Every structure is written in structure tokens, then in C-alpha cells.
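Okay, structure first, notes after.
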Amino acid sequence: MSDEQGDRLPVQDGGMAAEGEKGETRAKGEQRNAAAPRRSSSTGRASARAKSAGATAPQQSAATSAAKSPRARATSASAPTTRRSSRSNTAASSTAPAGTDAQKPSRTRASTSSTSSATPKRTTTRRTAPKPETPETPPIETPEVAKSLAEAAALEIAEMADARVVEPVEQPAADEPAAPATQPASPARATRRGGISPENTVFVSLCFEGPDVYSTAGGLGTRVTELTESLANLGYETHLIFVGDPNKPSVEHLVNGKLHLKRWGQWISKYYPNGVYDGEEHKLYDYNESVPQHVYAEIAQPAIAQGKMVVIIGEDWHTAEAICRTSDLLHWHNLRHRAVLMWNCNSVMSLHRINWGRLNYCATITTVSRYMKHRLWEYGVNPLAIPNGIPSRYLEPVDERMVNDLRAIMQHGNPDRFFLFKIGRFDPDKRWLMAMEAVSRLKYSNHPVSMVIRGGIEPHGSEVLNRARQLGLHIKDIEARRPTVEECMQLMRDAGEADIYNLRFFVPTEFVRACYAAADATLANSGHEPFGLVGLEVMAAEGVAFTGSTGEDYAVSFENAVALETDDPDEIVGYLLHMQQHPEERDKIRAAGKRTASEFTWEEVLDNLAGKLVYLARKQGIVLD
């Protein structure tokens, strides 16, 4: 090795040897450093800070680094570590810069070999022995720097505090309204201000029944007609797609252009003139095949392009498949996330034909009462309950003169003669046979009765009328073609005396309400009633409703109605005789029923529906502006 190479100082782990020290002393220091355990490098960092702070003793700092830094950066006090340290020193000495006083490699190896056996003892002593006498690192004297940092921190804190301070708003003059301080609205507040409104929502109703006489067979047609009309009156764009009269326009726009009636399958209906359910299967096939595409292309796509939400509500089992296909079609075109699909169950008819798993996946299932909610649990679904409603116009008083005239006609000069009324489909669930039995028992217990009935075209009607004749009841069929209210009154005058008056024509709403108000009781005595819309209509006309005890959530017996608990005809007879003996009970029921009906107008029901829609829109991530 040349003298130049021997004079180079090996640099290991950032350490630096002080100039002028002997080579042997440095070798022993290296040996001790290799045998000592690793210690914290805080001393080295302190030395670096001292240099940056402008320490005035560079030679003392260098000596401190030579004494402490290698010791802090050594690995472990084992023999292999010592050998690795020696090899590192040898390699480093061959590349050290010239002009340094470095030890000879041979002397380093000799020193290492001579001291390696004492490493364990020296390590133990090193942990307990005091530090070598080396000059302490002088403290970093930077009072001015520390002061400036403190001032900077204080200034930053003050600026942050000033940013949070809201300047006082100058009060306006007494004659000017105070303007609120301008602050950006939070997203939460913007969401709370949003909701269902005519500006951001379009409604589509799918149903077999509708407003046409051809399309009305029961309460379902009444429901969708009044629901869609109420939505249109509130300003919502509303589409009703139903199996309509083949002789009427295919599309009709009502309520200032907000309600769009679309009569479907007219080309099939003209071959089936006996109503909506005549040719049912053919109409159902056409409905499922064509309605989903129309809803997507003609309604949903344009509305969603305008940033609106589309609410599609299917009614009863006929529309279950159409709802599922509509959902699939919207999903295919990436529009499903902007539409809320609901399927409403109004009855238990043909529920076995529904694919419940698919329907529950594609749409939100709803129903009209808590009773129906429990019935649908049998199919593994848990629907939302949204009640039916009545138009607010039904709360208007019925013409008192017409009511008195009708009551006088039906009593035939006997003020003790009972006047009963029943309207609905000829279905066993409506307990028509129970009503006929009750009339018979009243008649043969010397309590004469005049009962007006209006059924449908169902086969059960023949069974009902045959049973009435077997019970000895006199039946008169009254036929007409779309009579007015006055014509209906005249038909009743001309009919003569009978026990049962079977109306075989479409009855005007005004005449139906007159019957509700004039009758001693309207028998809505269903054994199974999903909701009981007839009972609610009777209450609105200040009539006395005899309801069942299933879906009529609104009925409280002998408070606002009479709720029948059994299928015993004597229960009807007993309650009628009780109210005849206590007319104050009848008057109380009429008044309380009117108050109850006012809580079930469509305006109230639509508030309920809007709340459910906000919940469903939130589930889908739809933000309503």
C-alpha cells in the first residue's frame, strides 16, 4: 500500500476522526465501536443541528462525532460483526481521499485480533460504565431563530382565527327588510329542500281497469281513475295505460294536458265487447308484449333526459310481468337508476301466477292495508302499506232534497221500512249470500225491507239471485242505458214495491252517493276486504257503513261505522234493530264517519306516497333537486 493510500481516513457510517490522533488509538476506537451495541443516533443529529446553527467549535464537534457517532451506528458486539467491520475498514481505506492520517490495514487487523476475545466483557462494561470523557456538545444557541418561529406560529394561529370570524352585518334601515348574511348552502340543506314535485317527477300508472265504463269492474278502476286524476290536479305529468273502450280515442289528454289516458289493446277489445275482462288472456299477452317498450321509449327516456325521476306503479297481478319487463328494459338502456318502480297489490286474486322472487327484485311491492301486508307475508315479501283514498269532492254534502225523496220512494209510505244498499262485484268474498239471508230474516220477522243492489257480470251473481228467490224475496231487475240522476230517480218510482231492486246499468256517482246517505245501512260486509273503499265512500256521504273486520283499518265499530265480526246474518239484523231503537247512535256514526273520511282524501294519501317515494329514491341514490 502506498503512503498516500495509508494516509487516507476511512469513513464508516458517517463518522469522522479528529486530525492529529494516533493511528493506534483510532484502531482501538474502531474495535470498541464494533463491539459496542447499537445506540441512538440522537447525538449525531444534535451535532448536525449544532453545525447548522453556527456552532463556533468545529474541532470539538468533529471530535464528538468521532467519539459518539460510530458507537451509535455499530451493529452488535459479536465476533462476526468485528470481522465485517475490519473488512469494511480495509476496503474503505483503499478509497479514502488523500491527505488524511489513516491507520495501516495490517495494524488494524492485529488490533482487532488482539481485542476480539474481550468483546463480551467490554460490552457489559460499556452498558454500565460512564461515557468517555468527551466535551459535551454545546447547546444550540438560537434564541432569535426560536423567537421568530414562535412569532410565525402565533401569526399563523391569529390568521386562522381571523378567517373564522364573521364580520358583523350592518343593520339595514327600519324600512328595509334585513338581508341574511351570505353563506354557501351546505349539501345537507340542499337535500332537505329537495323532494317530490311536479318539476322533477313523472308518474306512470299501469292497470287493466280504468275510467271508461268498459274498463270498470270494481274498486280497482275507481282507485286508478281517482289516483291519476288527483296527481294531475297537483300538477304532475301523469300517464294511465289501461285496457280501454275500443270505440273511444286511443289517447286522450285531460286536466290541462297533465293527465294522458292511453287505451291499450283496442284492436283486441273490439272483438270482446263485454268489458275489460272479456278476452282477458289475449289482452294480457298484448299488454305484456307492448307496454314496456312504450313506457321506455315514449315516457321514461325523454323524462330522464330532462333530469326527471319516473315513478311507475303497476296495479294487481295483470301488470306484474309488465313491471318486471319494464325494469329489465330500463336497466338494459342504463336508465333504471333514475326510475322508481312499484307494484301495488289490491287483492289476492291470481297471486299464484306471479314470480314473487323476480317481482320483489325488480320493484318495490306495496299494498293498501296492514291486513294485506300480513297476507303477503305468506309469499315471502314485506310490502309497504299505502292506503286508498277518496276524492275531496266526495266530502261535499249530498243534495238533501234528493236524499229525502229517495228515502220516501224506498219506504213506500212506511217510515219503519228498512232501506239497505249494497254495491260491488259478485264475489263470494263480498258475502252477498249473507246479505240475502239477513234481508230474508228481517222480512219474516215483520220488519219490511227495500234493498237496492248493484253487482257485476261475475257468475256468482246468478247464485246470489237464485238464493234470494229461494228465500222468498221478491226481485225486480231495473234496466237502462246510461241514465242520468233524475232518470234513476224516476226508474225507482216506476219500479213499484219489491224486496230486492237489481240495478242492471252503470249507476252515476251522484245517485250512488244519494243511496249512501239515504239508506239505513250500506252493507260492505266483506269477509275479505283488502281495503274497503266502499265503506270510506259511505262515510264521506254521511252514511252508515256496515263493514267487515279485515282491511278496513279506518273503521271503529259503533264510533264511525259498524264492523261485523262474523258471517252470521243475525249480526246484521241485530245491529239494525239496535240503531232503530237508538237513533242517536246512528246520528253519532254519521257525524264521526264524515270526520274519518276527511283524513283519507287523495291529497292526504299522496302526502303518504310522497314520503315513501323519498325513501325509495334515497335507497337508489336519486337526488331530487
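All values derive from a computational prediction rather than experimental measurement. Nothing fancy with the numbering, it's 1 onward along the sequence.
Under a cut-off of 6.0 angstrom, the local environment of NE2 in His337 is crowded, with over 12 non-hydrogen atoms contributed by other residues, nucleotides or ligands. With a 6.0 Å radius and a threshold of 12 heavy atoms from other residues, nucleotides or ligands, Tyr285 has its OH atom at or below the threshold. Around CG of Asp607, the count of heavy atoms belonging to other residues, nucleotides or ligands within 6.0 Å exceeds 12. Within a 6.0 Å sphere centred on OH of Tyr615, heavy atoms belonging to other residues, nucleotides or ligands number 12 at most.
For Arg353 against Leu284, the heavy-atom pair with the smallest separation is NH2-CD2, 4.0 Å. Taking both residues in full, the closest heavy atoms of Val485 and Phe511 are given as CG2-N, 4.1 Å, listed atom of the first, atom of the second, then distance. Closest approach of Gly210 to Thr216, counting heavy atoms only: O-OG1, 2.9 Å. Closest of all the heavy-atom pairs between Ser215 and Val243 is OG-O, 2.6 Å. Contact between Tyr214 and Asn274 at its shortest, heavy atoms only, is CE1-N, 4.4 Å. Counting all heavy atoms, side chain and backbone alike, Gly221 lies closest to Val224 at O-CG2, 3.4 Å.
Between Glu585 and Lys588 there is a salt bridge, since at least one side-chain N of the basic residue sits less than 4.0 Å from a carboxylate O of the acidic one. Using a cut-off of 4.0 Å between Lys/Arg side-chain N and Asp/Glu carboxylate O, Glu252 and Arg263 are scored as salt-bridged. At a threshold of 4.0 Å, the pair Glu321-Arg358 counts as salt-bridged, since one of the basic side-chain nitrogens sits closer than that to a carboxylate oxygen. Between Glu289 and Arg325 a salt bridge is recorded (basic side-chain N to carboxylate O distance below 4.0 Å). One finds a salt bridge joining Glu479 and Arg504 here, because a Lys/Arg side-chain nitrogen approaches an Asp/Glu carboxylate oxygen to under 4.0 Å. Lys430 has a carboxylate O that lies under 4.0 Å from a charged side-chain N of Glu529, or vice versa, which qualifies the two as a salt bridge.
Taking CG from Leu420 and CD1 from Ile572, the interatomic distance works out to 8.5 Å, rounded to the nearest 0.5 Å. Separation of atoms CG (Leu564) and CZ (Arg431) is listed at 8.0 Å; rounding is to 0.5 Å. In this structure, CD1 in Ile386 is found 7.0 Å from CG in Leu613, a value given to the nearest 0.5 Å. The line from CZ of Phe421 to OG of Ser450 is 13.5 Å long, rounded to the nearest 0.5 Å. Distance check: His239 NE2 to Ile299 CD1 gives 4.5 Å after rounding to the nearest 0.5 Å. In this structure, CZ in Arg336 is found 4.0 Å from OG in Ser327, a value given to the nearest 0.5 Å.
By the 4.5 Å heavy-atom criterion applied to side chains, Arg513 and Asp399 are not counted as neighbours. For the pair Val213 and Arg482, the minimum side-chain heavy-atom distance is below 4.5 Å. By the 4.5 Å heavy-atom criterion applied to side chains, Asn608 and Glu604 are not counted as neighbours. Looking only at side-chain heavy atoms (C-beta outward), Asp553 and Met372 stay at 4.5 Å or farther from each other. At a threshold of 4.5 Å between non-hydrogen side-chain atoms, the residues Cys324 and Asn355 do not count as touching. Looking at heavy atoms from C-beta onward, Cys345 lies out of side-chain contact with Pro383 at the 4.5 angstrom threshold. Put simply, the side chain of Ile323 reaches to within 4.5 Å of the side chain of Ile312, judged on heavy atoms. Residues Cys488 and Phe505 form a side-chain contact, since some pair of their non-hydrogen atoms from C-beta on lies under 4.5 Å apart.
Counting only distance, with no hydrogens or angles, the side chain of Lys262 and the backbone of Leu240 share no donor-acceptor pair below 3.5 Å. The backbone N or O of Thr225 lies less than 3.5 Å from a partner atom in the side chain of Thr228, making a donor-acceptor pair. Remark: the backbone N or O of Val276 is paired with a side-chain donor or acceptor of Lys283 at under 3.5 angstrom. Checked by atom type and distance alone, the side chain of Asn200 pairs as donor or acceptor with a backbone atom of Gly195 at under 3.5 Å. No donor-acceptor distance shorter than 3.5 angstrom exists from the side chain of Glu209 to the backbone of Thr222, with no hydrogens or angles considered. The main-chain N or O of Glu542 is found under 3.5 Å from a side-chain atom of Arg590 such that the two form a donor-acceptor pair. With hydrogens and angles ignored, the 3.5 Å screen pairs no side-chain donor or acceptor of Thr319 with any backbone N or O of Ala322. Side chain of Tyr236 to main chain of Val202: no donor-acceptor pair is present (N/O by atom type, distance under 3.5 Å, no hydrogens or angles). Checking side-chain atoms of Thr238 against main-chain N and O of Phe203 turns up no donor-acceptor pair under 3.5 Å. Put simply, the side chain of Glu552 never gets that close to the backbone of Thr547: no donor and acceptor are under 3.5 Å apart.
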TODO: Apply ring-ring contact (aromatic ring centres under 6.0 Å, His included) to His282 and Tyr272, showing your working.
DONE: CA-CA 10 Å; His282 295 93; Tyr272 299 99; 5.7 Å; yes
- [ ] For Asp212 and Phe242, run side chain to side chain contact (heavy atoms under 4.5 Å, CB included): C-alpha distance rounded to whole Å, both residues' side-chain angles, the deciding distance at 0.1 Å, then the answer.
- [x] CA-CA 9 Å; Asp212 297 346; Phe242 65 103; 3.5 Å; yes
Task: Evaluation steps, side chain to side chain contact (heavy atoms under 4.5 Å, CB included), between Asn560 and Arg595 - done: CA-CA 9 Å; Asn560 56 12; Arg595 291 192 298 269; over 6 Å; no
- [ ] Tell me, with the steps shown, if Asp316 and Phe208 meet side chain to side chain contact (heavy atoms under 4.5 Å, CB included).
- [x] CA-CA 9 Å; Asp316 267 5; Phe208 244 46; over 6 Å; no
TODO: Determine, step by step, whether Met402 and Glu510 satisfy the side chain to side chain contact (heavy atoms under 4.5 Å, CB included) criterion, reporting the C-alpha distance in whole Å, the side-chain angles of both residues, the deciding distance to 0.1 Å, and the verdict.
DONE: CA-CA 10 Å; Met402 183 187 302; Glu510 295 80 2; 5.5 Å; no
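Between Trp432 and Phe426, the angle of the ring planes lies from 30° to 60°, which puts this pair in the tilted group. Ring orientation note: the planes of Trp356 and Trp343 are nearly perpendicular, at an angle over 60° on the 30°/60° scale. In this pair, Tyr296 and His333 present their aromatic rings parallel. The plane angle is below 30°, not in the 30 to 60° band.
Checking each of Asn346, Leu536, Thr550, Thr367 against Phe531 for a side-chain contact (heavy atoms from CB on, under 4.5 Å) leaves exactly one that passes, namely Leu536. Among Lys476, Arg469, Met436, the single residue meeting the side-chain contact (heavy atoms from CB on, under 4.5 Å) criterion with Ile500 is Met436.
With 3.5 Å as the limit, one finds a donor-acceptor pair spanning the side chains of Glu280 and His318. With 3.5 Å as the limit, one finds no donor-acceptor pair spanning the side chains of Glu537 and Tyr394.
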